[in-house]
Amino acid sequence: MNLYFELLGHPVFTVEDVAQYYNNTNSVRSALKRLVDQGLVVRVRNNLYTCISGESGSPVANRYQIACAVTKTACISHHTAIEYYGLSDQIYYEVYVSSETKFREFEFDGYVYRYIPARFRNGIEDVGYSGGVRVTDLERTLVDSINDMDHISGIEEIISFIRAIQRLDEKRLRQYLIAYGKQFLFQKTGYLLETYVSMEIDDGFYEFCREHIGKSKRYLPKDIRHGTYNSKWKLIVSGAIEISKNGEYEI
């Protein structure tokens, strides 16, 4: 048996995965150490490994596969999910991982893997033939990103994401907004979609959002103190995020 070739079938693997090929723990650890010393396997983090490609000399596992192997409930989310869907025009070196189990942030192969607490379990897709990738669906990615726009995904990125979206399931959007249960999130989502989305969304969805916004006036983004007041959504909106019809930012 050639252990290296056996492990190539696992983009990311653990000591327990190697154990299926041996009868005792000492043999497992010795075999794994030998592959690491030979430069055929690399340690990603504690008890997480990937093979090194003989052709490219790079890790076999990509950042999405690594992220989803960190915990049993891990999935990629926020702007990492936006990248995965091919709807981002930027490359980020931070990988956002939503998980029910907390883990310490770590760096591997030039990427920093950051932990995001999983708010709920709905809206996660197992991608077929992807080597174990799990990703928040398009609608949850949007709602998560809008919710965390002041901490993770900036408003410019979210606007760009919204403009690139070609399809949305309004039923899923409602489900995730209700799961969060935040008035400000209903305000932000309603305003941003009504203003920037390029596809048709039923008026009933916007009425649904308005029914949940309450009476509070809020700032968008959160850290501005001056802007244009939108009475429909009860938002003071920064002039810096207004976009003209040709897609350029107006300041």
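- Side-chain atoms of Gln65 come within 3.5 Å of backbone N or O of Asn62 as a donor-acceptor pair.
- Two rings, from Tyr113 and Phe108, have their centers 6.0 Å or more apart.
- Using cut-offs of 30° and 60° for the angle between ring planes, the Tyr115 and Phe103 rings count as perpendicular.
- The distance from atom OG1 of Thr136 to atom OH of Tyr96, rounded to the nearest 0.5 Å, is 13.5 Å.
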Side chain to side chain contact (heavy atoms under 4.5 Å, CB included) between Ile201 and Leu168, worked out: CA-CA 8 Å; Ile201 291 183; Leu168 279 173; 4.2 Å; yes
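- Going from atom OG of Ser88 over to atom CD of Glu157 covers 5.5 Å, rounded to the nearest 0.5 Å.
- Rounding to the nearest 0.5 Å gives a distance of 11.0 Å between OH of Tyr84 and CZ of Arg63.
- Arg218 has its side chain within reach of Gln187: a pair of non-hydrogen atoms, C-beta onward, lies under 4.5 Å apart.
- If you take CG on Asn147 and OG1 on Thr189, they are separated by 8.5 Å, rounding to the nearest 0.5 Å.
- A salt bridge is absent between Arg210 and Asp203; no separation between the charged side-chain nitrogens and carboxylate oxygens falls under 4.0 Å.
- When hydrophobic clusters are built by joining Ile, Leu, Val, Met, Phe, Trp and Tyr residues whose side-chain heavy atoms come closer than 4.5 Å, directly or via intermediates, Phe120 is grouped together with Ile76.
- Contact detail for Ile66 and Val44: the closest heavy-atom pair is CG2-CG1, 3.7 Å.
- A side-chain donor-acceptor contact under 3.5 Å links Glu170 to the backbone of Asp202.
- Hydrophobic clustering (side-chain heavy atoms under 4.5 Å, transitive across Ile, Leu, Val, Met, Phe, Trp, Tyr) keeps Val133 apart from Ile124.
- The nearest pair of heavy atoms linking Gln175 to Asn122 is NE2-ND2, 2.9 Å.
- Residues passing the side-chain hydrogen bond (donor to acceptor under 3.5 Å, both in side chains) test with Arg45: none are found, sequence neighbours excluded.
- Looking at Arg172 and Glu125, a side-chain N of the basic residue comes within less than 4.0 Å of a carboxylate O on the acidic one, giving a salt bridge.
- Between Phe13 and Tyr49, the two ring planes are parallel [angle under 30°; tilted spans 30° to 60°].
- Contact detail for Pro11 and Ala61: the closest heavy-atom pair is O-CB, 3.2 Å.
- The backbone N or O of Met149 lies less than 3.5 Å from no partner atom in the side chain of Ser153, so there is not a single donor-acceptor pair.
- Formation of a donor-acceptor pair under 3.5 Å by the Ser53 side chain with backbone atoms of Pro59 is not found in this model.
- Side-chain contact of Glu16 with Thr14: a donor-acceptor pair under 3.5 Å is present, judged by distance alone.
- Between Glu139 and Arg174 there is no salt bridge, since no side-chain N of the basic residue sits under 4.0 Å from a carboxylate O of the acidic one.
- In this structure, OH in Tyr176 is found 11.0 Å from NZ in Lys171, a value given to the nearest 0.5 Å.
- Leu3 and Ala31 make their closest contact through CD2-CB, 3.8 Å (heavy atoms, listed as atom of the first residue, atom of the second, distance).
- Tyr229 OH: more than 12 foreign heavy atoms inside a 6.0 Å radius.
- Residue Asp148 forms a salt bridge (Lys or Arg N to Asp or Glu O under 4.0 Å) with just one option from Lys182, Lys222, Arg119, and that option is Arg119.
- Using cut-offs of 30° and 60° on the angle between ring planes, the pair His79 and Tyr92 is parallel.
- Donor-acceptor pairing under 3.5 Å is recorded for the side chains of Thr71 and Ser99.
- More than 12 non-hydrogen atoms from other residues, nucleotides or ligands lie less than 6.0 angstrom from CD of Gln20.
- Judged by distance alone, with hydrogens and angles left aside, the side-chain atoms of Asp137 form a donor-acceptor pair with the main-chain N or O of Arg140 at under 3.5 Å.
- Salt-bridge formation is not detected for the pair Lys72/Glu100: no Lys NZ or Arg NE/NH1/NH2 atom is positioned less than 4.0 Å from an Asp or Glu carboxylate oxygen.
- No continuous path of ILVMFWY side-chain contacts below 4.5 Å connects Trp233 to Ile224, so the two sit in separate hydrophobic clusters.
- For Phe208 and Phe186, the ring centers are positioned less than 6.0 Å apart.
- The backbone N or O of Pro221 lies less than 3.5 Å from no partner atom in the side chain of Ser238, so there is not a single donor-acceptor pair.
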Chi angles and distances behind the side chain to side chain contact (heavy atoms under 4.5 Å, CB included) call for Leu220, Ile236: CA-CA 6 Å; Leu220 185 69; Ile236 297 94; over 6 Å; no
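- The shortest non-hydrogen separation linking Val60 to Leu8 is CG2-CD2, 3.9 Å.
- Between the side chain of Asn47 and the main chain of Val15, a donor-acceptor pair closer than 3.5 Å is present.
- Partners of Arg114 according to the salt bridge (charged side-chain N to carboxylate O under 4.0 Å, His left out) rule, which considers only residues two or more places apart in sequence or in another chain, are Glu94, Glu105.
- Checking side-chain atoms of Tyr191 against main-chain N and O of Lys234 turns up no donor-acceptor pair under 3.5 Å.
- Between the side chain of Lys217 and the backbone N or O of Leu235, no donor-acceptor pair lies under 3.5 Å.
- Once rounded to the nearest 0.5 Å, the distance linking SG of Cys209 with CD of Glu194 reads 9.5 Å.
- Aromatic ring centroids of Tyr85 and Phe161 lie 6.0 Å or more apart.
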